[in-house]
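Every chain is numbered from 1, with letters handed out A, B, ... down the list of sequences. Every value quoted in this text rests on a predicted model; they were computed, and no experiment measured them. Values reported hereafter were calculated over all heavy atoms of this structure, with side chains retained and with hydrogens, waters and symmetry mates removed.
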Protein chains: 2
Amino acid sequence: MARPRGYDRDTVLDKAMSMFWRLGYEGAHLAALVEHTGLNRFSLYKEFGGKAGLYEAALDRFLGYLLGQYRDILTVQPQGLENIEAVLRSLQYGSEYYGCFMINTLTQRDSVPPGAYDRAVAGAGEIEALYRANLAGALARGQIAAASDIAGLGKMLQTLDQGLHIQGLAGTTDAQKDAIITAAMAGLQAR
Amino acid sequence: MARPRGYDRDTVLDKAMSMFWRLGYEGAHLAALVEHTGLNRFSLYKEFGGKAGLYEAALDRFLGYLLGQYRDILTVQPQGLENIEAVLRSLQYGSEYYGCFMINTLTQRDSVPPGAYDRAVAGAGEIEALYRANLAGALARGQIAAASDIAGLGKMLQTLDQGLHIQGLAGTTDAQKDAIITAAMAGLQAR
DNA sequence: CCATTTACAGACCGATCATTCTAAAATTCC
DNA sequence: GGAATTTTAGAATGATCGGTCTGTAAATGG
């Protein structure tokens, strides 16, 4: 017994994510958000509580996508270097955005809502754990040297991963990112 | 025959850099900049032309620092893996800031003045060239495999470098960054 | 010690910010 | 089809934005 809403929540979040991603928290003005998302001001406050809530919800949606993708690839059995290479390569294609919304949130720590920063840190932690699990698998299967430092390598892979998200910002092409990944994987193999 | 200025240009730029760094271009409000830098509004416009000019000048100063550090270490003769490891380790200590101002400028491309983005891209290009020169030296000295892809490895090192600047944002300690670098260098050695 | 020059502190400006409110439009239940 | 309910569009709101202007303080040259 009410007027149906004229917007789709997920569509709104995707648009908002895109804007926050490119413009940052402060750079994405409410007027622009209202115009592009199709969600009117009043409903924005009713649904998300305000700009900060919209940002956190958009980040949640992004992290849902991102972590889903990581989980899908990095839990394939048996875990090992194949999964690691696959996930690195999967990240390099098809993004219409700039860099990575999670990383942008980390770099803009003092401007984004505190809750958003906390979620980004938690997301990064989960990704690191997934890398470590696959390194452990690689070790068990003899793919990497027996003396390998799993923790160090796990963080190294995540570092490379994060760096790849930055690379594109200064014009690095997909082909060049492929070469980066190939070079990095070559260094990982047992010798 | 005039009143002497009550501020030091370099000190002002250091303070402004710190604020833009942490808060982003839009997040660093003019009132806060005026308060923290000690430079009053009027002089800010006379000296830098406005907020955008101040940002670009602060980025220039940062890039001067950063590129100077890279040049100092990466032009030591003979060039090779020692320089690369030295520069990676040098980046991990003593920063009171969050991440890297150059990378922040790249990630906030659509919010910072266009001139700032262009300078950041140019800076990244110079750093990559320095890495490549040392990889060429390493190849000539037999430190890395003869079949190595210098261009790919150069971008890979820069990717790792950029990732290291991100790592600290989510709580990675200096000791952990050391382990990351050790793991990465192990993969580079000729075998 | 006065004239000149420059920097200073702070008031002022229109524009725009995030947020709140008001009233009309749209849908469902009865 | 009328009452109830919810969304809509858009007009206020006070605060604050970046930028400009005005008058005063501080220094030097003569």
Side-chain angles (χ1 to χ4, degrees), chain A residues 1-59 105 108 110-117, chain B residues 1-59 104-105 108-117:
Chain A
M1 53 175 167
R3 175 176 177 172
R5 57 184 46 169
Y7 61 90
D8 173 66
R9 196 175 192 273
D10 286 342
T11 304
V12 164
L13 284 178
D14 279 340
K15 299 262 194 184
M17 175 174 73
S18 161
M19 299 193 64
F20 281 127
W21 195 334
R22 288 199 309 275
L23 300 168
Y25 180 74
E26 317 231 8
H29 304 306
L30 212 62
L33 286 166
V34 166
E35 184 187 357
H36 277 82
T37 61
L39 181 67
N40 69 78
R41 276 172 133 81
F42 188 89
S43 301
L44 190 155
Y45 280 84
K46 184 178 170 270
E47 181 84 31
F48 301 104
K51 190 181 181 181
L54 179 60
Y55 188 94
E56 294 187 23
L59 178 60
T105 300
Q108 294 162 39
D110 285 349
S111 290
V112 300
Y117 173 76
Chain B
M1 53 177 169
R3 174 176 177 173
R5 56 183 49 167
Y7 61 91
D8 173 66
R9 196 176 193 273
D10 287 343
T11 304
V12 164
L13 285 178
D14 279 341
K15 299 263 194 183
M17 175 174 72
S18 162
M19 297 191 66
F20 281 127
W21 195 334
R22 288 199 309 275
L23 301 167
Y25 181 74
E26 317 231 10
H29 304 305
L30 212 59
L33 287 167
V34 165
E35 185 186 357
H36 276 82
T37 61
L39 181 67
N40 68 77
R41 274 171 131 86
F42 187 88
S43 301
L44 190 155
Y45 279 84
K46 184 177 169 271
E47 182 83 29
F48 300 105
K51 189 182 182 182
L54 179 61
Y55 188 95
E56 294 187 23
L59 179 59
N104 287 13
T105 300
Q108 294 163 39
R109 169 177 183 170
D110 286 348
S111 290
V112 300
Y117 173 77

What is the distance from CG of A:L44 to P of D:dA9, rounded to the nearest Å?
-> 13 Å
For B:A28, answer base if it contacts any base atom (sugar-phosphate contacts may also be present), sugar-phosphate if it contacts only those atoms, and nothing otherwise; contact means non-hydrogen atoms under 4.0 Å.
-> sugar-phosphate
How close or far is atom P of C:dC21 from atom OH of A:Y45, stated in whole angstroms?
-> 12 Å
Quick one: the side chain of A:R41 and the base of D:dG10, do they pair up donor-acceptor inside 3.5 Å?
-> no
Between CD of B:E26 and C1' of C:dC17 the distance, given in whole Å, is 11 Å
In whole angstroms, how far is the P atom of D:dG19 from the OH atom of B:Y55?
-> 15 Å
With a non-hydrogen cut-off below 4.0 angstrom, is B:S43 in contact with a base, only sugar-phosphate, or nothing?
-> sugar-phosphate
Please state how far atom CG in B:N40 lies from atom P in D:dT20, giving the value in whole angstrom units.
-> 14 Å
Verify the contact: side-chain N or O of B:K46 to OP1 or OP2 of C:dA7, cut-off strictly under 4.0 Å; return yes or no.
-> yes
B:F48 atom CZ is separated from D:dG19 atom P, nearest whole Å, by 14 Å
Below 4.5 Å, heavy atoms only, C-beta onward: do B:T37 and B:L44 meet side chain to side chain?
-> no
Nearest-angstrom distance from the residue atom CG of B:L30 to P of C:dC13 = 18 Å
Which atom pair, heavy atoms only, marks the closest approach of B:G27 to A:S111?
-> CA-OG, 4.3 Å
Separation of C:dT19 atom C1' from A:E47 atom CD, nearest Å, is 17 Å
Tell me whether the OP1 or OP2 atom of C:dT19 has a side-chain N or O from A:K51 closer than 4.0 Å.
-> no
Note: for B:F42 and A:H29 on DNA chain C, the residue whose nearest nucleotide lies more 5' is B:F42
Is there a donor-acceptor pair closer than 3.5 Å between any side-chain N or O of B:S43 and the backbone N or O of B:L39?
-> no
side-chain hydrogen bond (donor to acceptor under 3.5 Å, both in side chains) test vs B:T105 passes for just one of B:Y117, B:Y55, B:Y25, namely B:Y55
Quick check: does any side chain N or O of A:K51 sit under 3.5 Å from a backbone N or O of A:A28, one acting as donor and the other as acceptor?
-> yes
